[in-house]
S.K.: 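What follows is a structure written as structure tokens; I'll ask about it next.
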Amino acid sequence: MGAPLNGAFLKTSLEQRVASRFGMLPNFFLLSSSDPKITENLWGFAQFAYLDNPIPSLFKERLFVYLSRFCRVRYCIARHLGFLVGLGRPAGDQNCRPQTVQAVLPLLRRNVPHGEEFLPFLKICAESVNDGGVFPNPDSREEEAVIACATHLFLQTADAPQAREALAHRFEPSDLEHLNLFLTFIRTAHYWTRLHPEVTLESDITELLAANESLAEFVFNDAAACEDPGNAKTPDEITALLEMRKLQTHLAAIVESSDDAIVSKDLNGIIQSWNRGAEQLFGYTADEVIGKPITIVIPSDRLQEEVEILSRLQRGERVEHFETIRQRKDGSLLNISLTVSPISDARGRVVGASKVARNITERKLQEKALQEANEALTQSNADLEQFAYSASHDLQEPLRMASAFSELLQIKFGGKLGGEGDEFIRYIVDASTRMQQLLHDLRTFTQASKLTQDQVPNTDAGEVLRRSLNNMKTAIDDSNAVITHGELPVIPIHEFQLEQMFQNIISNAIRYRSQASPVIHIDAKCFDSKCTFSIRDNGIGIDPQYKELIFGIFKRLHTTADYPGTGMGLAICQRIVERLGGRIWVESEPGRGSTFYFTLSRPRQPK
Amino acid sequence: MLVEDNVGDARLVREALENSSIHCELVVITNGRRAIQFIEDIDSGSGVCPQLAIVDLNLPKMPGAEVVKRMRASVKCKDVPVIVLTSSDNQIDRENATSIGVSRYILKPARLSEILRLGSVIRDILGLPNDVEK
């Protein structure tokens, strides 16, 4: 690493002298540590042949850079590029104005002309008027010609003799000697670095190259131009730098192409970087906001958030997926999800923060729309159920009239209307009675969802089963049914609803019996948080294609004449179970009986 | 006195009375306001109190409960027994009826036989012997 121009770090008087000449201390003069005399003489030679050489400084430095392309150690080209663009002084001359990187690039890209291509340059030198030692201006055709000739001479190519002749024509003998002396020093410098593979780039150079991709590209990848490219050596440090640069470029591309806004800020909340995602999200360009406080995107009523975020960052904490609101340049508000991570320096001190902001406005709108739709649906369902509940009640009224008067008709005029009259009255009475039953069941069905929304008490299923069987005593006795059961759990459900379920399913088992007397077994098995009840019968069974249908409202598989019922029983059961978060289903084989299953959650605190 | 807006129900009550051989004059009033007017007229001297009031709760213009309350506040008719005959199975209605001094709360029955049984309930309340019932 090159030492800065600072007395405290300069150990020897030589180092001080070198540094004061160049404006910095090149590592080149630190290579020989065993014998200070060697470095002293090298420095003397450098002054005599290079720094104090009367050739114009800018020409010298440009030639040094150009010829250093042909050295396989990349120190010289990198260091002299540095001098040329103002890191240190061109040829140690504090009166020489450095060039810009842009102005140097054409020189670096210039090929060495050979054969036919070289002839015009030879001609320029041979035909030029000997003008008393004035060296050509940078980037002039004449400079190109002189450098081309000097390069052939330097590399000792086949064209070297013509090049020497052309230069002899171009320059006064003393100027030519100074040029030769300078070429000799460049040779020496290259050779010296090749003998010292430990030479490293100074930090000002690594920074320059890291900041200028085209320059770095040239310095590191121009090995083809070397005299012996096969042995071109790229120092480990440069390889590492190259890889780091590649990685940085790659990471920068990722950051830049991200749809999320990625922003960095210092601990005062001043914006340091601003990617394209941030430009799109917030509407500010990077140029507009870098150096400005991050609060420009924070709505005034949320400024306190930034204070809290900064204090958390200072403690080294991360803020993850913090959902908040930010303001765009046009004043509109955005819902964003924010992740803020502290950035630490090499010593582990928090020096700033990176912020990733994702636009969740769309998601928030969707969530809101979904919630609203859900609420509307819930309301609509509740309205519908309320309607069905009221309707089933109100419809009972006229039906009661029809039913009562048809019965009255039968009592008062039965036998006086003729056989058909009695038959018709019977149809009216039957239909009214059935309608009443349907409405009653419909009311029970809608009631099922109303009640389960309240606090659900724990109920002893065994006790409820005994009561249900007692209620159905007549039907059980009439059918000679044999009903057994296993141990049943305590479960959260309204007693009368479980009673309805047992009665509906067991009465179905009795009603849809086969030739044999009904044999019914009720059981329950509990695993984890659920209990599964089963009610197995030996009845007529259910065709698998109707397994779902039977749970529908008013759905029946048989005529009322064959098997009485409203078709609401299982619908009520399903409604009760589903409202409690459970499930009901049937497994059956026609002719071999059915087993109805339903699940219910176990009590949260078992007794 | 029967306060009932549904003519069908009124006819059924009459049927039940006949069926239980209760021979009486049945005054049918079809809305709550008129029923209150009827009670107020009695209090101011025109007409006599009915022996029994059968009141539906869900009435046009004035709820049946108001009719019962007015009856209980009446100078002349405050002791007349009241039967509520309603299709409301609501627990609140039931409790409310008891609190305002209703003798019986009867749900409008669905079956004719149950309607006719209303006659014997009335005989009970009026203190008539029930052996006349067929």
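Here is the naming used below: chain letters follow the sequence lines, and residue numbers restart at 1 for every chain.
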S.K.: Report which part of A:S432 has an atom under 4.5 Å of a heavy atom belonging to chain B: side chain, backbone, both, or neither.
M.R.: neither

S.K.: Are any of the side-chain nitrogens in A:R400 or B:D9 under 4.0 Å away from the carboxylate oxygens of its partner?
M.R.: yes

S.K.: Going by the angle between their ring planes, with limits at 30° and 60°, are A:F596 and A:F551 parallel, tilted or perpendicular?
M.R.: perpendicular

S.K.: Is there a donor-acceptor pair closer than 3.5 Å between any side-chain N or O of A:N504 and the backbone N or O of A:Q500?
M.R.: yes

S.K.: Would you mind checking which part of A:L399 comes under 4.5 Å of any heavy atom in chain B, side chain (CB onward), backbone (N, CA, C, O), both or neither?
M.R.: neither

S.K.: At a heavy-atom separation under 4.5 Å, does B:E114 approach chain A through its side chain, its backbone, both, or neither?
M.R.: neither

S.K.: Side chain, backbone, both or neither: which part of A:Q396 has a heavy atom under 4.5 Å from chain B?
M.R.: neither

S.K.: Just by distance, do the side chain of B:N31 and the backbone of B:R34 share a donor-acceptor pair under 3.5 Å?
M.R.: yes

